[in-house]
Amino acid sequence: MSTYDPVEPGHNPARRQALSCLAAWTGAAVVWTVAGGVPRALGATTAGMPTAAAKNALTFVQISDTHIGFRKEANPDVVGSLRRAIADINALPQAPAFVVHTGDVSHLSKPEEFGKAREVLQEIRVDRVHTIPGEHDTIDEGVNGYLKFFDHDGNGKSWYSFDQGGVHFIGLNNVLNFKMGTMAALGDEQITWLKSNLARVSDSTPIVVLAHIPLWTIWEPWGWGTADSAQAMALLRPFGSVTVLNGHIHQVLQKVEGHIALHTAMSLAYPLPTPGQEGIGEPGPVTVPAGELGKLLGTRQLSVVRGRQELALIDTPLDR
Amino acid sequence: MSYVFSRNTTGPFRACAALALVFCAAFVMPAIFAAAAPPAPTVDLNIAKFAFAPKEISIAPGTKIIWTNRDETPHTVTSNDKSFASKGLDTDDKFEHTFASEGDFSYICTVHPFMTGVVHVRKQ
C-alpha cells in the first residue's frame, strides 16, 4: 500500500517499481492521454484490448461519484466497487500521471465518509488524486466539511487550477449556488476567478475542466445542468482545445461544441436512469439484476496527445 | 454544618410544605398545563420520488409539519427565508417545524433545488 496522501502527496519511488510488476491492463478504468494538446481515451476497444498511449503523452484517469456511505440495495458495497476500480487503475500498463475524481466523493457529507474515501483513495498508486465536490459533499455545512479533507491548494476554496504535461487543468465547484427552482450554478465569484485564471493561459494551451454537474443542460427537470454554464463556456471558447469532464449523472454522454468537448462519466456507486427515462420520474438509484451492476460502473482513461486537438478517452466498466 | 441546620425550618412546617407540593403536582399543575398547551395539530408530509408531497399545503397557525424522506437519496427541507432548515435527511429521517405565525413559506431541497414546496399558514 502506498503512503501517498491526496492533500499532502509525498513521493514514493517504490510505487513506480511496484507498477512494473503488476498485471496487464484489465480495462476497468478509463485513462485520459493528452498528447499534442488533445486528450484521447485509451483502454478497451471493441476488441476489448487497450490502445497504447503515445510516447510522452500525458495520461490520467477519471473516476466519479463514489458516494462513500451509500449502502442501499442498488449497491450495498460502494467501497468494494471503488477498490475494484483502484485495482484496475493500479494494473494499467502505463501508469497514469494522476487521478481526478469529479465529485460526490461522499453520500451524506459526513466526516467519516470523507475520511473513509480519503483512506481508500490512498490505495491508488499515483502521485496525486485531484477531487472536486459534488452536491452530496456539501449537504450540511456547505463545502467546509469537504474542505477539511480535500483542500488541495490550502486556499480554503473548492476551485483551483494546476498545470501538468503542458495542459492547464481547472477544478470547479458548481454545486453551491442553488436558487429556488433553478439548476445549480458556478456563481459570480467563481466566474470572475475563472476569467482571471484563463487570462494567463495561451490560446494554444490545451485545457481540461473538471466540474461535477454537467456544464451543458442534459435534462433540466432533474437539475442535470448548470444555470450559468453559458458564461463559463464563453470564457473557454477562444481556446483551441477544451475538454470538460463531468460526473453527476452516472452514465457516459458526450457533446462537442466547436473546440469544446464535454464528457460525463460512469459512477462507482450505482446507475441512474437515462435522461427523462420513460416510466421513471426521478433521478434516483436504479437497482439492477445481480451481475449487471459491474457493467454499469466504471472508470475513464484519458490521454493528451501533443498536436491533436481531442483527448483520447476510454470508458471501461468494472465488469467486461 | 451546625450553622446550616440551625437555620432550617422546623419539622412540622417542612411536612406541611411537602404535602402542599405533592397536592400541586398531582392535581393543580396538570390542569394548568392541559389548559395552556393543547397538543399541536400535526401534519405528515412525504419526500418521495424527488418531490415534496403534497407540494403545496394550507395549515392553521400552530400546526406542526413532519417531513419524512422516503427516497434512497438524501434531501433537505430548507426555507427560502431561512426560518427553518433541516440537516441532510437520509432514508426515513424526519424533520419537523411548527408554524407559529401566518404567512407563505416556500422551501426547497438544497441538494436538488428543482424540488420545491410551499406552506400557506392562515387562520381558519
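Below, chain A is the first sequence line, B the second, and so on; all start at residue 1. Quick note: numbers below take in every heavy atom, side chains included, and nothing from hydrogens, waters or symmetry partners. Given the structure is predicted, the values throughout are model-derived calculations rather than measurements.
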Pair count under 4.5 Å, heavy atoms only, with chain B: among A:Gly134, A:Gly284, A:Pro283, A:Gly69, highest is A:Pro283

In terms of heavy-atom pairs under 4.5 Å with chain A, which of B:Thr78, B:Thr91, B:Thr76 leads?
-> B:Thr91

Can you tell me how far the CG atom of B:Asp93 sits from the CG atom of A:Leu108, to the nearest 0.5 Å?
-> 8.0 Å

Report, as yes or no, whether the 6.0 Å neighbourhood of atom CG on B:Asp44 holds more than 12 heavy atoms from other residues, nucleotides or ligands.
-> yes

Find the distance between NE2 (B:His112) and CD (A:Glu135) and round it off to the nearest 0.5 Å.
-> 5.5 Å

Do other residues, nucleotides or ligands put more than 12 heavy atoms under 6.0 Å from the CD atom of B:Gln124?
-> yes

Where does A:His107 contact chain B at under 4.5 Å (heavy atoms): side chain, backbone, both or neither?
-> both

Go through the atoms of B:Asp71 and report whether side chain, backbone, both or neither lie under 4.5 Å from a heavy atom of chain A.
-> neither

Does CZ belonging to A:Arg71 count more than 12 external heavy atoms closer than 6.0 Å?
-> no

Below 4.5 Å, heavy atoms only, C-beta onward: do A:Met183 and B:Pro113 meet side chain to side chain?
-> no

A:Glu220 versus B:Phe114: any side-chain heavy-atom pair under 4.5 Å?
-> no

A:Glu73 and B:Glu72 have their tightest heavy-atom pair at N-OE2, 4.2 Å

Are A:Ile139 and B:Lys87 side-chain neighbours, meaning at least one heavy-atom pair lies under 4.5 Å?
-> no

Charged N to carboxylate O under 4.0 angstrom, B:Asp90 versus A:Lys72?
-> yes

Would you mind checking which part of A:Pro221 comes under 4.5 Å of any heavy atom in chain B, side chain (CB onward), backbone (N, CA, C, O), both or neither?
-> backbone

Closest heavy-atom pair, B:Thr73 versus A:Pro285, reported as atoms and distance to 0.1 Å, is OG1-CD, 3.3 Å

